[in-house]
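Structure first, commentary second.
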There are 2 protein chains.
Amino acid sequence: MAATPPPPGSPAWWAARPAPSRSAPAEPRRGRPSLDTAHIVGTALRLVDEHGTQAFSLRMLAEALNSGTATLYRHFDGKDEILAYVVDRVLGEVDLDALADTTDWRETLTVTARRFHTTLSRHPHTLPLLIAYVPVGPHGLDRRERVLGALLAHGLPAALAARAFTAVTHYVIGFTAQQCGPSTTPDHAAELAAFYGGLDPDAYPSLLRAARSLTSVAVDEEFEFGLTLLVQGLAPLVRA
Amino acid sequence: MAATPPPPGSPAWWAARPAPSRSAPAEPRRGRPSLDTAHIVGTALRLVDEHGTQAFSLRMLAEALNSGTATLYRHFDGKDEILAYVVDRVLGEVDLDALADTTDWRETLTVTARRFHTTLSRHPHTLPLLIAYVPVGPHGLDRRERVLGALLAHGLPAALAARAFTAVTHYVIGFTAQQCGPSTTPDHAAELAAFYGGLDPDAYPSLLRAARSLTSVAVDEEFEFGLTLLVQGLAPLVRA
DNA sequence: ACCTGAACACCGTTCAAGT
DNA sequence: ACCTGAACACCGTTCAAGT
């Protein structure tokens, strides 16, 4: 049977890459390129940010690099591979330096969630890409290691640390995606409020009651609310 | 200035649709069609499940319906519109009848999370689509109304009910996506374990310690863990 | 009047022809 | 030896020609 190659972004695929502790492979696939891979990935991220994953194309990328689409294939195996590096580069932008100053695991989790939220908010079009895999590129692994290291250092048992990290990152991804996802308008909250306002009150009584109670609540406060739920829910498990 | 039409799936776009409390518009856009819209959406969902969003094409859909691509445009404005109805149809599969038997808000939230998880797990390729918007199609609104109705009936304050619903659904989407996302293999957990096993222990000490402590933990148990965090974290806020 | 084959302007990817 | 223009087989979408 012919072995199908692992899809770009999957653990098996990353395992076959060299790990240069950078977001792009250290050397070109073959030959001496006129473009370095980090520049390609950076330009690709900028284009995805500006135009969205849907409109992003290799022709667009090649033109931005003053090159041709065929040239891109000397550096990457195809579009999916480029996007896998784009996702890892976004994770590389998550600044976790503040973890060094945290004094307990609660603060570590809170800071982690806020930093991921900040970075992901800046790259909403990459969220559907981030969803597709457990991100195990070089930067993704580095961020996971640093957060788990801080949690373990503050005495959280390993099993709890791993699951707390999973729960918190899943929450951040889900929240950020629906708050400022790839297709949401700048004034998404207002648009949603207007939509709810136009609904039949008899058909959706509970929904409208709940929506009214939230109209004055800032989005940031909603984020902190769910985060507090997770952290507070973890506390009794740690003591036990 | 020319008003750009709202993108399919957005609140403003759904607001302009008739609300026939079905997952597809009750009547064809014009004329008398040989295909009904529900059949088109159902076939589209089957194809997305089988081939993924990436490979799904209007030509593929037209062929499965023994029709041509141009015919699809008599029923829908384009591919994005069809996919918006596909997402809403998936939400229509979430079975919340068990909410009638719940006796408190904790049970309501737990049942809601499990039911969403069950349905979303069956349609992993639709998760990136679900991420893009707050789902306010007919079925999405109906599910939101029913959950909020049950929470309010059990005495949860409206503001807490709304935010608890948001936190729980975001958690479920994030968890399901990374557990059985569009590109994950059937034995994703084993693949991930093999990947971690191949990492340098000196480079990722905390990550590997955490991963080892989870190897024997079932995925279902991980889901329940995060869910418990959210529900337990909510309890003190309700009493206050 | 309604439907749709065929065309249009793209896309990701490949490869033979260039330097 | 390395690079890349041009082609290939698609794609979503449109519309004029059919019935």
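These numbers were taken from a predicted model, which means no experiment stands behind them. The sequence lines fix the lettering, A, B, ..., with proteins before strands; numbering per chain opens at 1.
A salt bridge links B/Asp97 to B/Arg146: at least one charged side-chain nitrogen sits closer than 4.0 Å to a carboxylate oxygen. Using a 4.0 Å cut-off between charged nitrogen and carboxylate oxygen, B/Arg143 and B/Glu93 do not count as a salt-bridge pair.
B/Phe76 places its CZ atom 16 Å from the P atom of D/dT14, with the value rounded to the nearest Å. In this structure, B/His75 places its NE2 atom 17 Å from P of D/dG12, rounding to the nearest Å. One interatomic measurement links the two molecules: CZ of B/Arg74 to C1' of D/dT19, which rounds to 14 Å at whole-angstrom precision. The distance from atom CG of B/Leu72 to atom P of D/dG12 is 10 Å, rounded to the nearest whole Å. Note: CD (B/Gln54) to C1' (D/dG12) measures 14 Å, nearest angstrom.
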Polar atom pairs between nucleotides 5-11 of chain C and protein, under 3.5 Å, N or O only, would you list them?
residue : atom : partner : partner atom : Å
C/dC11  : OP1  : A/Ser57 : OG           : 3.2

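Remark: D/dT13 base-pairs with C/dA7. Criterion, Watson-Crick or G-U wobble with two distances under 3.5 Å. Of the nucleotides present, D/dT19 is the one that pairs with C/dA1 by Watson-Crick or G-U wobble criteria, both distances under 3.5 Å.
Contact of the B/Leu192 side chain with the A/Val136 side chain is registered, since non-hydrogen atoms from C-beta on lie closer than 4.5 Å. At a threshold of 4.5 Å between non-hydrogen side-chain atoms, the residues B/Thr126 and B/Leu83 do not count as touching.
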**OP:** Just do the ring pair (Phe, Tyr, Trp, His ring centres under 6.0 Å) check on B/Trp14 and B/Tyr85 with the steps written out, would you?
**Re:** CA-CA 10 Å; B/Trp14 278 115; B/Tyr85 280 106; 5.1 Å; yes
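To the nearest whole angstrom, the two P atoms, one in C/dG18 and one in D/dC8, are 16 Å apart.
Between A/His170 and B/Tyr171, the angle of the ring planes lies from 30° to 60°, which puts this pair in the tilted group.
With distances taken from any side-chain atom of B/Tyr73 to the nucleotides C/dT13, D/dG12, C/dC2, the minimum falls on D/dG12.
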